[in-house]
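Letters go in sequence order (proteins before strands), and every chain restarts at 1.
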Protein chains: 2
Amino acid sequence: MTAANAQGCGYSHMTSTPKPRYQQLKEQIISRISSGDLRPLDRVPSEHELVGSTGVSRMTANRALRELTDEGYVERVAGVGTFVADLKAASHLLEVRNIADEIQMRGHEHRASVIDLESRPVAPDIADLLHVSAGSRVNHVFLVHFENDIPIQVEDRYVTIDFANDFLDQNFQNVTPSAYLSLIAPLQEAEHVVRAKMPGARIRRLLKMRAKEPCLVVTRRTWVSARPVSFARLFHPGSRFELAGRYRPPGIANSHPQDSNIVELRNFDR
Amino acid sequence: MTAANAQGCGYSHMTSTPKPRYQQLKEQIISRISSGDLRPLDRVPSEHELVGSTGVSRMTANRALRELTDEGYVERVAGVGTFVADLKAASHLLEVRNIADEIQMRGHEHRASVIDLESRPVAPDIADLLHVSAGSRVNHVFLVHFENDIPIQVEDRYVTIDFANDFLDQNFQNVTPSAYLSLIAPLQEAEHVVRAKMPGARIRRLLKMRAKEPCLVVTRRTWVSARPVSFARLFHPGSRFELAGRYRPPGIANSHPQDSNIVELRNFDR
DNA sequence: TAGTGGTCTAGACCACACA
DNA sequence: GTGTGGTCTAGACCACTAC
């Protein structure tokens with residue numbers, strides 16, 4: 001098959017400019033990951049196999065897999081193979097890092113105390129944020145996260161009722177709501193807003209905050225399949241919590257050998 | 001020249017595994033941009049020219065330029081050429097968006113009032129952050145940013161004295177310190193920490209804040225050539241300021257046609 | 001030894017922009 | 001037209017891993 005044929009038989013008969021073949025390949029693989037056909041740590045077809053099964057050249061298969069690597073979907077090991085990235089790595093792209101993981105990384109103990117877990121009619125403002133009609137039912141969870149028995153975060157989360165139908169059966173003591181949602185389906189979009197605010201009496205009591213101490217409030221909205229599925233308000237005591245991030249542009253030699261794991265700002269730390 | 005020769009004459013005689021040629025090309029171009037040899041909007045050699053001048057194949061030149069595009073260093077227009085990315089676009093990678101630009105994007109008027117601009121001996125904690133010896137002199141600027149004459153940010157910034165030797169001659173009314181530093185040299189690394197904190201009396205007065213209103217405090221440290229050059233504390237009134245960001249994973253078709261310019265979380269908005 | 005990814009080549013066709 | 005980037009091919013050599 002000549003280069004001309006490759007183009008011709010590929011898509012020259014189609015109406016508008018078709019997607020490039022490497023892009024089609026990428027989307028096909030992303031789709032297999034999203035659908036659960038390929039699960040984390042599963043082996044992804046090798047370049048050679050993709051050449052055989054899809055008819056593209058190896059360079060094209062290579063580009064698709066390389067870009068999926070850059071985008072965090074898969075991990076490649078020379079001489080071994082290509083594998084679906086671990087959930088932990090993938091969720092970093094979209095999550096303010098799971099608070100339980102963060103606490104564990106600091107070598108501390110995480111514990112959650114669920115105060116409220118029910119389905120209930122949604123307030124108008126939150127109905128708007130979740131694109132559901134006002135007054136319809138949504139799942140709601142209200143809990144406190146502890147680090148070594150010190151309260152560090154109050155989580156007030158609303159989840160659309162059709163997205164997670166066994167939401168109310170969860171325990172949420174060990175698996176945080178955020179981690180649970182990541183298990184159900186890979187989150188595809190996230191929006192964050194960070195504010196400084198004085199807490200109400202209830203939040204202040206739950207977080208054992210001093211009288212004049214402000215809260216760092218993070219509100220997060222996450223999308224799956226172009227629909228908002230969850231809205232959360234995360235309250236943190238200003239004296240005991242901060243969000244940090246570091247950014248270094250890509251394509252530059254490592255300038256900070258001393259601190260090895262530099263995270264991007266979208267991976268909130270600490 | 002065969003493929004074997006290309007590898008051989010290229011670097012098979014070197015001791016350790018050499019950098020791939022596309023990477024060498026990338027670093028060479030990044031270096032020309034960093035040094036000012038290539039300035040924003042300047043034309044970058046075309047793929048064909050790189051083939052002629054460096055002896056690589058066009059696919060290799062293409063990969064180098066394509067990755068530089070992904071990384072925000074250059075912009076490419078099919079049929080026209082490759083150009084060094086505009087400073088504005090490039091600085092987004094590293095800056096909490098310049099507050100003056102943000103205010104202008106909202107269609108409001110930005111104004112800055114410089115309260116303090118001098119060189120002075122540095123306090124121990126800041127000396128530590130900037131990797132200079134305690135008591136040595138650093139440049140310091142202290143100013144208030146206004147949005148439509150409402151104070152919105154107090155900036156307290158320290159800059160190493162050898163990095164910007166005309167720092168004290170700046171006006172900082174129209175060009176913010178952040179924009180000025182970006183002009184001097186492209187920042188290569190940035191660290192952010194976000195906190196909620198009650199302001200001191202001075203900050204509260206400057207920002208015209210109510211008595212029990214908290215501050216959203218962002219501290220930023222930026223590096224050039226692996227050395228920290230600037231440390232800034234940015235104070236914002238909690239009732240009038242928030243940090244927001246949206247993230248969508250790459251490689252997915254657009255899911256939100258209604259809001260076109262989705263920014264990554266590292267581009268803090270509003 | 002066979003399979004994997006990492007890289008590279010020397011061509012090719014295409015759509016597009018600009019003169 | 002000419003030049004540009006965007007894509008694709010059908011090979012190739014290499015280093016590495018696993019058996």
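- A sub-4.0 Å separation between OP1 or OP2 of D/dG6 and a side-chain N or O of B/Arg76 is present.
- Remark: the B/Arg21 side chain and the C/dG6 base include no donor-acceptor N/O pair separated by less than 3.5 Å.
- Position along DNA chain C of the nearest nucleotide to A/Met59 versus A/Val77 favours A/Val77 as the more 5'-ward residue.
- Base pairing annotation: C/dA19 forms no Watson-Crick or G-U wobble pair, as no partner gives both donor-acceptor distances under 3.5 Å.
- One interatomic measurement links the two molecules: CG of A/Leu50 to P of C/dG3, which rounds to 16 Å at whole-angstrom precision.
- Between the side chain of A/Arg63 and the base of D/dG6, no donor-acceptor pair of N or O atoms lies under 3.5 Å.
- Going from atom CZ of A/Arg66 over to atom P of C/dG6 covers 9 Å, rounded to whole Å.
- Under the side-chain hydrogen bond (donor to acceptor under 3.5 Å, both in side chains) rule, B/Tyr22 has a single partner from B/Arg66, B/Arg63, B/Glu67, which is B/Arg63.
- Under a 3.5 Å cut-off, the side chain of A/Ser34 and the backbone N or O of A/Ile30 do form a donor-acceptor pair.
- With hydrogens and angles disregarded, a donor-acceptor distance shorter than 3.5 Å links the side chain of B/Ser35 to the backbone of B/Asp37.
- Contact check, A/Ser57 against D/dC8: no side-chain N or O comes under 4.0 Å of OP1 or OP2.
- Nearer to the 5' terminus of DNA chain D, by closest-nucleotide assignment, is the contact made by A/Thr60 (compared with the other of A/Ala78 and A/Thr60).
- Taking 4.0 angstrom as the limit, B/Arg43 places a side-chain polar atom (N or O) nearer than this to OP1 or OP2 of D/dT4.
- Per the geometry, CD belonging to A/Glu47 stands 15 Å off C1' belonging to D/dC8, to the nearest Å.
- Summarising the local packing, NE2 of A/His48 is surrounded by 12 or fewer heavy atoms from other residues, nucleotides or ligands at distances under 6.0 Å.
- A/Thr82 has no side-chain polar atom (N or O) that falls below the 4.0 Å cut-off from OP1 or OP2 of C/dT4.
- Remark: aromatic rings of A/Phe167 and A/Phe172 are close, center separation under 6.0 Å.
- Considering only side-chain atoms of A/Tyr22, the nucleotide from C/dA17, C/dG6, D/dC8 that sits closest is D/dC8.
- In this structure, CD of A/Glu67 is placed 13 Å from P of C/dG6, rounded to the nearest angstrom.
- The CZ atom of B/Arg58 sits 8 Å away from the P atom of D/dG5 (whole-angstrom rounding).
- At whole-Å resolution of the value, NZ in B/Lys19 and C1' in C/dG6 are 16 Å apart.
- With the nearest nucleotide of DNA chain D identified for both B/Asn62 and B/Glu49, B/Glu49 has the one nearer the 5' end.
- In this entry the distance linking CZ of B/Phe83 with P of D/dT4 reads 10 Å, nearest Å.
- For A/Glu75 and C/dG6, the CD to P distance is 12 Å, given to the nearest whole Å.
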